[in-house]
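What follows is a set of notes on a single structure, which appears directly below.
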Amino acid sequence: MSARVALVTGGTGGIGTAIVRRLAKMGYKVATNYRNEEKTKTWHNKLKGEGIDVLTVKGDVSDPESCKAMVHEVEQKLGPIDVLINNAGITRDTTFHKMSYQQWTDVINTNLNACFNVTRQVIDGMRNRKWGRIVQISSINGQKGQYGQANYAAAKAGMHGFTISLAQENAKFGITVNTVSPGYIGTDMVMAVPEEVRAKIVAQIPVGRLGEPDEIAYAVAFFLDDKAAWCTGANLAINGGHYMGW
Ligand code: CAA
């Protein structure tokens, strides 16, 4: 069988880079999107230096037309997309009574509407070929809520609603759809939380530390395996014990 093609949105970010690295090492042909060309060049060269070749394609996940062009380019260059990881995400943290409409829509568009924009472009192909893997990278804060994140928590909770509906619609086409909900991982996004606030958050994590990006990538890889074919509509919480929902 020729190598499967995986598109990881937001692949240049903290968790995204770990997913790209892991999938490339597993033999997938991996693509990701970028918005900032300069930053991406440096990132690309760093991975090349590790022997990892990734296709980088210009694309804004919050824009449906851009996603259409992005998926077309990936499929032209690598072949049909078998695996989609909806990972791109941003924060615009502030308490709701201070939140602007822009802060609300920026987060909903990039974190939740992106799932429509990208997945809509790949779902027909997966259904026709009778195989596919889709994973949403949500968040612990979509499960438990978070002071200062009404926009982010709403988007992240919405991602799992998306997962469980798509999982039902596409199960008989050999497509699994799952969610991974990371807790606080040592990425730039989490390090941007003010230090004293972050220290209080870390103190609530039973394992006693922030997570590592590859601890999330490891879980993503599990869902992609052929042997995980019966696992669909799941939400796998990986958070050092920070939130233990049912
Ligand atoms: N619970 C209850 N009260 C809280 C609180 C909490 N968790 N956090 C803050 N408060 C209270 C403060 O004690 C303070 O009360 P007083 O006015 O009575 O003193 C009040 O709320 C205002 O707090 P701040 O001074 O912190 O307000 P601010 O406007 O400067 O900042 C904030 C608010 C932006 C929400 C800031 O507290 C913050 O950054 N919090 C962290 C949010 C967070 O966890 N973001 C996660 C980013 S990483 C990520 O999202 C990845 C992932 O998936 C996990």
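Just so you know, ligand 1 is whichever comes first in the structure, and atom 1 is the first atom listed for that ligand.
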Around Arg129, counting heavy atoms of other residues, nucleotides and ligands shown, do more than 12 lie under 6.0 Å from its CZ? yes
Atoms of ligand 1, numbered as shown, that sit under 4.0 Å from any heavy atom of Gly148: 35 (C)
Look up atom 39 (O) of ligand 1 and tell me if a protein heavy atom lies less than 4.0 Å from it? yes
Output yes when a side-chain donor or acceptor of Asn87 lies under 3.5 Å from a complementary backbone atom of Ile137, and no otherwise. no
For atom 33 (C) of ligand 1, the closest protein heavy atom turns out to be Thr95 CG2, 4.6 Å
Does Arg198 have a non-hydrogen atom less than 4.0 Å from ligand 1? no
Looking at Asp63 and Arg35, does any basic side-chain N land under 4.0 Å from a carboxylate oxygen? no
Among all the protein's heavy atoms, is there at least one whose distance to atom 44 (O) of ligand 1 comes out below 4.0 Å? yes
Using a distance threshold of 4.0 Å (strictly less than), state whether atom 26 (O) of ligand 1 has a protein heavy-atom neighbour. no
Checking contacts now, so for atom 50 (O) of ligand 1, which I'm interested in, is there any protein heavy atom under 4.0 Å? yes
Under 3.5 Å donor-acceptor, Asn117 side chain and Val61 backbone: yes
For Lys144, does the NZ atom sit with more than 12 other heavy atoms under 6.0 Å from it, leaving out its own atoms? yes
May I ask you to decide if Val118's main-chain N or O and Asn86's side chain share a donor-acceptor pair within less than 3.5 Å? no
Of the non-hydrogen atoms in Gly183 and Ile140, which two are nearest, and what is the gap between them? CA-CG2, 3.6 Å
With a 4.0 Å cut-off, strictly under, does atom 15 (O) of ligand 1 pick up any protein heavy atom? no
Is the shortest distance from atom 19 (O) of ligand 1 to a protein heavy atom below 4.0 Å? no
So, for atom 11 (C) of ligand 1, does the protein have a heavy atom nearer than 4.0 Å? yes
Quick test: of every protein heavy atom, which one is nearest to atom 48 (S) of ligand 1, and how far off is it to 0.1 Å? Val190 CG2, 3.7 Å
Asp82 and Met126 have their tightest heavy-atom pair at O-CE, 3.4 Å
Is the shortest distance from atom 2 (C) of ligand 1 to a protein heavy atom below 4.0 Å? yes
Heteroatom distance test (Ser138, ligand 1): nitrogen or oxygen, under 3.5 angstrom: no
Below 3.5 Å, N or O to N or O, backbone or side chain included: is there any such pair between Gln149 and ligand 1? yes
Give yes if a backbone or side-chain nitrogen or oxygen of Asp93 is under 3.5 Å from a nitrogen or oxygen of ligand 1, and no if not. yes
Find the distance between CD (Glu65) and CG (Asp60) and round it off to the nearest 0.5 Å. 12.0 Å
Atom 8 (N) of ligand 1: which protein heavy atom is closest, and how many Å away? Tyr147 CD2, 3.4 Å
Which heavy atom of the protein is the closest neighbour of atom 41 (C) of ligand 1, given with residue, atom name and distance? Val197 CG1, 3.6 Å
Hey, could you give me each pair passing side chain to side chain donor-acceptor pair (under 3.5 Å) that has a residue in residues 50-59? Not counting sequence neighbours. Arg21-Glu50
Atoms of ligand 1 under 4.0 Å from any heavy atom of Asn141, numbered from 1 in the order shown, are 54 (C)
Pairs meeting criterion side chain to side chain donor-acceptor pair (under 3.5 Å) with involvement of residues 187-204, two or more places apart: Gln204-His242
